[in-house]
Amino acid sequence: MATGQRGAGYRGFLLLSIFLGTGWAARAGQMLYSVSEETDKGSFVGNITKDLGLRPRELAERGVRIVSKGKTQLFSLNPRSGSLVTAGRIDREELCAQSPRCLINLNILIEDKMNLHPVEVEIMDVNDNAPRFLTEEINIKIMENAVPGVRFPLKEATDSDVGTNSLQKYQLSPNRHFSLVVQNGDDSTKYPELVLEKVLDREEEGIHHLVLTAYDGGDPPRSGTASIRVTVVDVNDHTPVFSLPRYQATVPENVPVGTRLLTVNATDLDEGANGEVTYSFWKITPELLQIFHLSSLTGELSTLKGLDYEDSSFYELEVQAQDGAGSLTKAKALITILDVNDNAPEVTVTSVSSPVPEDTPPGTVVALFYLQDKDSGKNGEVTCSFPESLPFKLERSIDNYYRLVTAQNLDREKMSVYNITLKATDGGIPPLSTETHLSIHLSDTNDNPPTFSDSSYSIYIPENNLRGASIFSVTAQDPDSDKNAQITYALDEDTIQGVPVSSYVSINSDTGVLYALGSFDYEQFRNLQLRVTAYDSGDPPLSSNVSVNLFVLDKNDNAPEILYPVLPTDGSTGMELAPRSAEPGYLVTKVVAVDRDSGPNAWLSYRLLKASEPGLFSVGLHTGEVRTARALLDRDALKQSLVVAVQDHGQPPLSATVTLTVAVANSIPDVLADLGSIRTPSEPDDSDITLYLVAAVATVSCVFLVFVTVLLALRLWRWHKSHVLQATGGGLEDVPASHFVGLDGVQAFLQTYSHEVSLTADSRKSHIIFPQPNYVDTLISQDSCEKSDSLLTSIYFQECKGETPSDQQAPPNTDWRFSQAQRPGTSGSQNGDETGTWPNNQFDTEMLQAMILASASEAADGSSTLGGGAGTMGLSARYGPQFTLQHVPDYRQNVYIPGSNATLTNAAGKRDGKAPAGGNGNKKKSGKKEKK
């Protein structure tokens with residue numbers, strides 16, 4: 001290993017150099033080392049740092065590294081010890097074949113000064129290869145009349161090792177007829193020959209089996225064997241004879257595959273099979289068998305694949321001619337390959353200094369590269385050039401290394417990057433050339449801030465985006481280089497609705513990509529203003545900013561919400577009442593719904609999805625009003641179940657459904673009479689509760705009827721008494737007419753009194769609600785008749801002085817109705833029919849909603865009602881006794897104000913100083929009635 005294993009010749013040369021006082025200078029500063037093959041990875045070769053006058057830690061500081069010409073790195077530098085070590089297993093036979101000496105040349109580069117130091121490492125051979133025969137069996141044919149002493153050449157063995165580790169001797173297995181003689185060739189090759197010692201007798205023994213063993217001189221020695229098969233044949237008087245002892249051919253390396261190189265020829269004077277000659281290779285390696293082909297019949301030698309001068313310029317082949325009896329003779333075929341300029345020069349860039357400061361003085365080395373050409377002679381002579389207009393020049397270093405140095409001062413303001421084209425040209429005809437491009441960058445100071453391509457950016461993103469998804473990317477450019485052009489991005493501190501901007505959006509500081517930290521909600525906010533600042537990495541850093549406007553687009557992510565009818569909190573189902581005398585088009589109830597989306601996503605349409613009796617009811621497409629489609633018949637069931645679907649116009653559309661239960665009856669007693677048909681069998685406890693409720697309703701109804709009967713009797717008595725007094729002139733003119741009532745008034749009172757009943761068949765509790773009486777059919781007096789009886793504060797009769805009471809009901813007051821301008825959206829079309837058109841775009845719809853919200857905000861000043869009886873909005877006369885405030889076909893019922901429980905009022909009436917009109921004519925409610 002290392003110096004201790006160097007060859008004897010090298011040690012003699014080193015001692016002679018020391019005696020002569022030349023030392024390392026005798027080899028022009030070249031360092032010589034040696035190492036044995038097959039050593040482990042990391043084996044010591046030589047102390048580079050000591051020979052270079054460096055310390056181990058300076059290897060990394062000064063950029064010391066190995067530069068080799070081959071593709072495979074055989075050696076490396078140990079950064080701790082500074083020694084040259086093996087980079088892997090080294091096979092001498094693979095690198096140098098059987099050359100007496102195996103030398104590997106490499107260079108040590110000190111990069112800070114671009115200095116090269118040549119190193120030569122000799123690979124010492126070890127006995128790692130045993131002798132090997134090309135064929136495991138050797139066949140020989142001998143005539144039975146052969147004279148003792150005749151020699152028969154045998155195929156020799158090969159050993160990849162050199163020196164004493166190579167092939168040294170042969171040995172033949174003991175036998176009675178043959179012996180072994182070894183001949184030494186001109187190239188020191190040992191050729192074994194088989195010698196006949198005793199006459200053969202084919203009849204006695206036709207085949208003889210022998211073993212030939214080859215030994216090398218290693219310690220311990222290695223060996224290889226081959227079996228010899230000797231066949232005894234009849235007499236063959238002549239052996240084949242070649243026309244020439246040596247055949248030669250010279251061809252260029254670019255000959256096509258299959259080209260005939262030469263033809264060997266041998267003749268045999270025997271006749272028949274003994275005179276038939278066949279040709280074959282005598283001694284050839286498997287590699288050569290893949291390159292050359294020898295015809296066994298014609299003796300033509302041709303190529304099997306392309307020849308390459310760079311791989312080998314000369315081939316020596318041995319061929320044999322053998323007749324049918326087994327006699328053979330040998331000849332040599334010598335193939336010389338001529339070089340052709342088929343390889344372009346190669347430029348290997350070893351080191352490049354980039355960037356180069358612009359104040360670098362002239363003569364500074366900025367690049368080191370190596371030129372080579374695999375061709376030989378003039379084809380391998382390489383020259384290098386580049387444009388003269390550049391402020392650089394070329395200087396030749398050792399071997400074929402060149403240095404690129406600065407020739408004048410550099411100025412980055414004139415040129416920040418120099419793209420240099422190195423052109424290497426060989427001396428062949430025609431010449432071949434190769435171009436290599438180098439980029440030399442100049443460093444700069446930080447004098448330019450980052451700039452954005454636009455002054456502002458607008459982003460449009462649909463709501464309900466994925467959390468963490470990238471939504472936009474901002475990019476700033478900086479004309480500086482290196483760290484002065486490295487840009488980082490940040491969001492300026494700001495708040496939106498009291499929440500920091502960084503809670504909604506984040507930015508990648510390196511790429512400028514904006515990410516949504518949450519899912520945006522169009523109903524929460526529609527615009528987000530950001531400011532992004534870009535900083536460079538200079539000293540001091542420079543920055544610039546840009547505004548980013550993020551607009552959230554609405555998506556149909558909210559299904560319609562049903563405001564009416566509202567399901568009771570205990571899970572029961574409310575019931576609507578429709579009189580059997582209702583005409584087609586009678587308004588039974590109204591489904592009110594809103595959608596928190598905007599634009600077409602909030603346009604609602606209603607349709608009847610399912611009905612227990614199809615064709616009986618219809619639903620307004622845009623209003624949601626449930627009306628009778630035909631007259632009610634006696635055969636129609638008391639309980640009618642309707643499923644109404646509310647659907648928006650989004651893509652895809654969303655919908656909601658509500659189930660309505662309509663009781664077809666004229667009054668509460670009719671409902672109670674058929675109560676059993678409404679409910680379904682349930683548990684025993686539910687049946688008992690319902691029974692108790694029915695009994696309670698019946699009791700209250702009886703008490704109320706008794707009360708009414710007594711009240712009527714008193715009224716009749718007073719009326720009779722007043723007539724008696726009038727007849728007698730008693731002066732009863734000052735008694736209010738409203739204290740008297742006739743039979744028509746009683747009938748109207750009984751007919752107009754109603755109950756709102758909420759019954760369910762599948763809940764544990766049923767609801768019976770007794771609201772205040774409705775006065776649809778009650779006759780009212782003139783405006784001058786304003787007194788009300790203290791006992792019946794809710795019943796009014798019309799009786800004016802000097803006029804006969806009329807049985808005709810006064811026409812309803814139309815002041816409560818809304819004008820066409822007050823009926824936008826889904827509460828009613830502007831044309832007053834079911835075919836009202838929607839707003840044609842999202843802008844119109846949002847303006848309409850804004851107007852509605854403004855009106856609702858102005859009107860919602862408390863819990864006051866729009867007029868009429870409490871909770872009726874004065875619409876009892878239009879929608880029937882069961883219709884309450886939630887039934888009003890008013891656009892304000894489609895306005896949803898989150899967080900507010902205020903009841904919308906008739907603000908217009910308050911501004912005008914007018915009392916809201918009731919639902920029973922022009923009669924105003926008295927203060928006593930309001931208190932009641």
Compute whether any side-chain donor of one residue and acceptor of the other, for [X] and [Y], lie under 3.5 angstrom apart.
X      : Y      : result
Asp595 : Asn558 : no
Asn545 : Asp492 : no
Asp557 : Asn464 : yes
Tyr522 : Ser598 : yes

Exercise for the section: Determine, using ring centers only, whether Phe525 and Phe551 are less than 6.0 Å apart. Expected result: no
May I ask you to decide if [Y]'s main-chain N or O and [X]'s side chain share a donor-acceptor pair within less than 3.5 Å?
X      : Y      : value
Asp597 : Glu523 : no
Asn508 : Thr511 : yes
Arg467 : Leu517 : yes
Ser503 : Val499 : no
Ser641 : Thr661 : no
Asp648 : Pro653 : no
Asp494 : Val501 : no

Practice task
Under the side-chain contact (heavy atoms from CB on, under 4.5 Å) rule, collect the residues that match up with Arg607, sequence neighbours excluded.
Solution key: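 With neighbours one apart ignored, the set is Leu609, Ala645, Gln647.
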Handout entry: Side-chain heavy-atom pair Val513, Ile507 within 4.5 angstrom cut-off
Key = no
Problem - CZ-CG distance between Arg596 and Asp554, expressed to the nearest 0.5 angstrom - result: 11.0 Å
Exercise for the section: Hey, could you give me the CD1/CG distance between Ile459 and Asn527, rounded to the nearest 0.5 Å? Expected result: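 CG of Asn527 is found 10.5 Å from CD1 of Ile459.
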Handout entry: Partners passing salt bridge (charged side-chain N to carboxylate O under 4.0 Å, His left out) against Glu613 (at least two apart in sequence or in another chain)
Key = Arg630
